[in-house]
Amino acid sequence: MSLAGLRRARLPTAFFQDDHATVARGLLGCALVHGDRAGLIVETEAYLGPADRASHARFGPTARNRVMFGPGGVAYVYLCYGVHEMFNVVSGRDGDAGAVLIRAIAPLYGLTDDPAIGRGPGKVTRALGLDRSLTGRALDGDELFVAATADAGAVAIANGPRVGVAYAGRWAARLLRFAVAGHPAVSRPAPRGRAPGKAR
DNA sequence: GCGGGGATTAACT
DNA sequence: GTTAATCCCCGCG
């Protein structure tokens, strides 16, 4: 599919205003497009509301995370370790805080054809040129959007615990990480679990 | 204000 | 396996 074709296949805002883990699974096999660059989403993690001790929402609404508490369908981008930008899709209905971290993409357009180019959340933002200034931006715009592809809904899903959240107690064990099973652009170690059904 | 630490990555030994 | 890079968020006083 061409970039113009992807633009015509943009997901409506309503897609994002669903259960956070459902959105995380549904994004697998979709395209994330920024300007003339695009990647196929192959790995995601769901972060829930204030009760989730691994989520930025655990602090309640703050200057940084407030968009997580609004309606789904906008970007939430923050700086991690002072070095890497992390791109998230806000999910859920207004007042139901949560977001989905895009952990890995495979190159589609405007990127070097190398599965490592978008393997890992810091590399996703570097490859697509995403940064904090996009926080709050709607995800159905002309410059930044998510689109369904032929892969959406047709991929086998692996699941597992989220990466880098050992501090979160029992929440660290929740199976809220999802990936396209066996895809070479998934960050290592790849999740081993088998989630029921397919994406979307 | 101050201090601790992080949803990571690449470059070391 | 270990560690530096590097910033700003957040809780507490």
Side-chain angles (χ1 to χ4, degrees), chain A residues 16 19-28 32 34 39 41-70 72 74-92 96-107 111-112 114-137 139 146 157-180 183-193 195:
Chain A
F16 302 100
D19 171 78
H20 308 297
T22 300
V23 174
R25 284 191 300 269
L27 285 170
L28 297 176
L32 176 59
H34 184 220
I41 298 170
V42 297
E43 183 183 354
T44 60
E45 283 177 353
Y47 288 86
L48 313 185
D52 179 0
R53 304 317 284 172
S55 172
H56 285 180
R58 68 187 183 277
F59 302 115
T62 68
R64 177 176 64 161
N65 70 12
R66 63 187 165 73
V67 298
M68 288 183 75
F69 290 78
V74 301
Y76 169 48
V77 191
Y78 68 93
L79 186 66
C80 187
Y81 294 100
V83 181
H84 305 289
E85 310 272 347
M86 300 278 149
F87 183 82
N88 298 255
V89 166
V90 175
S91 51
D96 174 19
V100 175
L101 172 68
I102 308 302
R103 281 195 60 88
I105 58 170
L111 304 178
T112 304
D114 172 0
I117 193 85
R119 184 192 288 153
K123 294 162 83 171
V124 168
T125 56
R126 190 149 50 86
L128 293 178
L130 304 166
D131 64 63
R132 285 167 287 171
S133 71
L134 294 170
T135 291
R137 180 79 59 89
L139 294 172
V146 180
I157 301 175
N159 68 359
R162 294 171 292 184
V163 176
V165 297
Y167 58 85
R170 68 187 177 85
W171 285 90
R174 293 285 298 272
L175 302 178
L176 292 172
R177 179 186 182 203
F178 306 98
V180 175
H183 197 289
V186 174
S187 65
R188 258 94 66 84
R192 304 290 311 278

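Letters A, B, ... are given to chains in the order of the sequence lines, protein chains preceding strands, and every chain is numbered from 1. Remember, predicted model here, so these are calculated numbers, not experimental data.
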> If every non-hydrogen atom of A/D52 is compared with every non-hydrogen atom of A/L48, which pair is closest and at what distance?
Replying inline: OD2-N, 2.9 Å

>> What's the gap between B/dG5 and C/dT3 when it is taken at their C1' atoms, as a whole Å value?
In response: 16 Å

> For B/dA7, does either OP1 or OP2 sit under 4.0 Å from a side-chain N or O belonging to A/R103?
Replying inline: no

>> Between C1' on C/dT6 and CE on A/M86, what's the gap in Å once rounded to a whole number?
In response: 13 Å

> Taking the side chain of A/C80 as heavy atoms from C-beta outward, which of B/dT8, C/dC10, C/dC8 is closest to it?
Replying inline: B/dT8

> Between the base of C/dA5 and the side chain of A/Y81, is there any donor-acceptor pair under 3.5 Å?
Replying inline: no

> Below 4.0 angstrom from OP1 or OP2 of C/dC9, is there any side-chain N or O of A/H56?
Replying inline: no

>> Please tell me if A/R132 has a side-chain N or O lying less than 4.0 Å from either OP1 or OP2 of C/dC7.
In response: no

> Rounded to the Å, how far apart are A/E45 CD and B/dT8 P?
Replying inline: 7 Å

>> Can you identify which nucleotide, out of C/dG11, B/dA7, B/dT9, has its nearest atom closest to the A/K123 side chain?
In response: B/dT9

> With both distances under 3.5 Å as the test, what is the Watson-Crick or G-U wobble partner of B/dG1?
Replying inline: C/dC12

> Rounded to whole angstroms, how far apart are CZ on A/R64 and P on C/dG11?
Replying inline: 10 Å

> Would you call A/R119 and A/E43 a salt bridge, using N to O less than 4.0 angstrom?
Replying inline: no

>> Let's see if you can work this out: which of B/dA7, C/dG11, B/dT8 has an atom nearest to the side-chain heavy atoms of A/V163?
In response: B/dT8

> NA contact type, A/V83, heavy-atom cut-off 4.0 Å: base, sugar-phosphate, or nothing?
Replying inline: base

>> If I compare all heavy atoms of A/A54 with all of A/Y167, which pair ends up nearest, and what's the gap?
In response: O-OH, 3.4 Å

>> Measure OH/A/Y167 against C1'/B/dT8 and give the value in whole Å, please.
In response: 12 Å

> Rounding to a whole Å, what distance do you find between A/R53:CZ and B/dG6:C1'?
Replying inline: 15 Å

> To the nearest angstrom, how far is A/F87 atom CZ from B/dA7 atom P?
Replying inline: 18 Å

> For the side chain of A/R126, counting heavy atoms from C-beta on, which of C/dC10, B/dT9, B/dA7 is nearest?
Replying inline: B/dT9

> In whole angstrom, what separates A/L79's CG from B/dG5's C1'?
Replying inline: 13 Å

> Any idea which heavy atoms bring A/P115 and A/P107 closest together, and the distance?
Replying inline: CA-CD, 4.5 Å

> Backbone N or O of A/H56 within a donor-acceptor pair of the A/N65 side chain at under 3.5 Å?
Replying inline: yes

>> Could you tell me the Watson-Crick or G-U partner of B/dA10, where both distances fall under 3.5 Å? Say none if there is no partner.
In response: C/dT3

> How long is the line joining CG of A/N88 and P of B/dA7, in whole Å?
Replying inline: 11 Å

